Amino acid sequence: MLAQNYSNKLTAKEGIRPVNNIISLEKYYKSCDGLLNQAALYELGGDVVNHYVALYRFTSIVLETLPKHKSFREEQWQRVHLKYKQKCLSCMDKMEVLKADVNALTPALPAPPPRAIPP
């Protein structure tokens, strides 16, 4: 079996989120802004893994989830979406740089369960 690198494991765990047409596109875009802010905080804090994951979530929502929304074809959202696609390009560049750092890390192993003390 081929070994899978850490960045692939992280992105596979995230998966593609299904669109919820009840939620307005405006709220989706606000959550995208929140993800970018979160990514910036992780970057400032030096948290490479969470920075990578936040950028991945942002790009996944913008490129994979939002185009499936029922209101996506409306002209006003096409203009907004174009701006977010431009942001995705810079995020993808950052992700490529971060990927090497993420793959160099190994996930922390869970702590072993405490031993039972015999009576």
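Residue numbers run from 1 in the order of the sequence given. Any value given below was found using the heavy atoms of this structure, including those in side chains, with hydrogens, waters and symmetry copies removed. Computed from a predicted model, the values in this text were never measured in an experiment.
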Worksheet item: What's the shortest heavy-atom distance between Leu66 and Cys32, and which atoms?
Response: CD1-SG, 4.5 Å

Item to complete: Compare all side-chain heavy atoms of Val62 with those of Cys91 and state whether any distance is below 4.5 angstrom.
Response: no

Worksheet entry | Under 3.5 Å donor-acceptor, Ser60 side chain and Tyr56 backbone | no

Worksheet item: Any side-chain heavy-atom pair from Glu43 and Lys94 closer than 4.5 angstrom?
Response: yes

Item to complete: Supply the atom-to-atom distance Gln76 CD to His81 NE2, rounded to the nearest 0.5 angstrom.
Response: 14.0 Å

Item to complete: Under the side chain to side chain contact (heavy atoms under 4.5 Å, CB included) rule, collect the residues that match up with Val19, sequence neighbours excluded.
Response: Asn21, Tyr28, Thr65, Lys68, His69

Discussion item. So, taking the atom named NE2 in His51 and the one named CG in Leu44, what distance separates them when rounded to the nearest 0.5 Å?
Written reply: 9.0 Å

Practice prompt. Go through the structure and list residues passing salt bridge (charged side-chain N to carboxylate O under 4.0 Å, His left out) with Glu75, not counting sequence neighbours.
Written response: Arg79

Practice prompt. Not counting sequence neighbours, list each pair that qualifies as a side-chain hydrogen bond (donor to acceptor under 3.5 Å, both in side chains) and has a residue in residues 82-93.
Written response: Asp33-Tyr84

Response to the item:
Contacts of Asn37 meeting side chain to side chain contact (heavy atoms under 4.5 Å, CB included) (sequence neighbours excluded), chain-then-number -> none

Response to the item:
In this structure, SG of Cys88 is separated from CG of Leu36 (nearest 0.5 Å) by 8.0 Å

Fill in: Residue Leu89 excluded, over 12 heavy atoms near CG under 6.0 Å
yes

Worksheet item: About how many Å separate OG of Ser24 and NZ of Lys30, when rounded to the nearest 0.5 Å?
Response: 8.0 Å

Worksheet item: Which residues pass the side chain to side chain donor-acceptor pair (under 3.5 Å) test with Asn50, sequence neighbours left out?
Response: Asp47

Worksheet item: Phe58 and Gln38: side chain to side chain contact (heavy atoms under 4.5 Å, CB included), yes or no, with the steps?
Response: CA-CA 10 Å; Phe58 171 79; Gln38 191 176 20; over 6 Å; no

Worksheet item: Of all heavy-atom pairs between Trp77 and Phe72, which one has the smallest distance, and what is that distance?
Response: CB-O, 4.0 Å

Discussion item. Assigning hydrophobic clusters by single linkage (Ile, Leu, Val, Met, Phe, Trp, Tyr; side-chain heavy-atom cutoff under 4.5 Å), is Met92 placed with Tyr42?
Written reply: no

Worksheet entry | Residue list, side chain to side chain contact (heavy atoms under 4.5 Å, CB included) with Leu41, at least two apart or on another chain | none

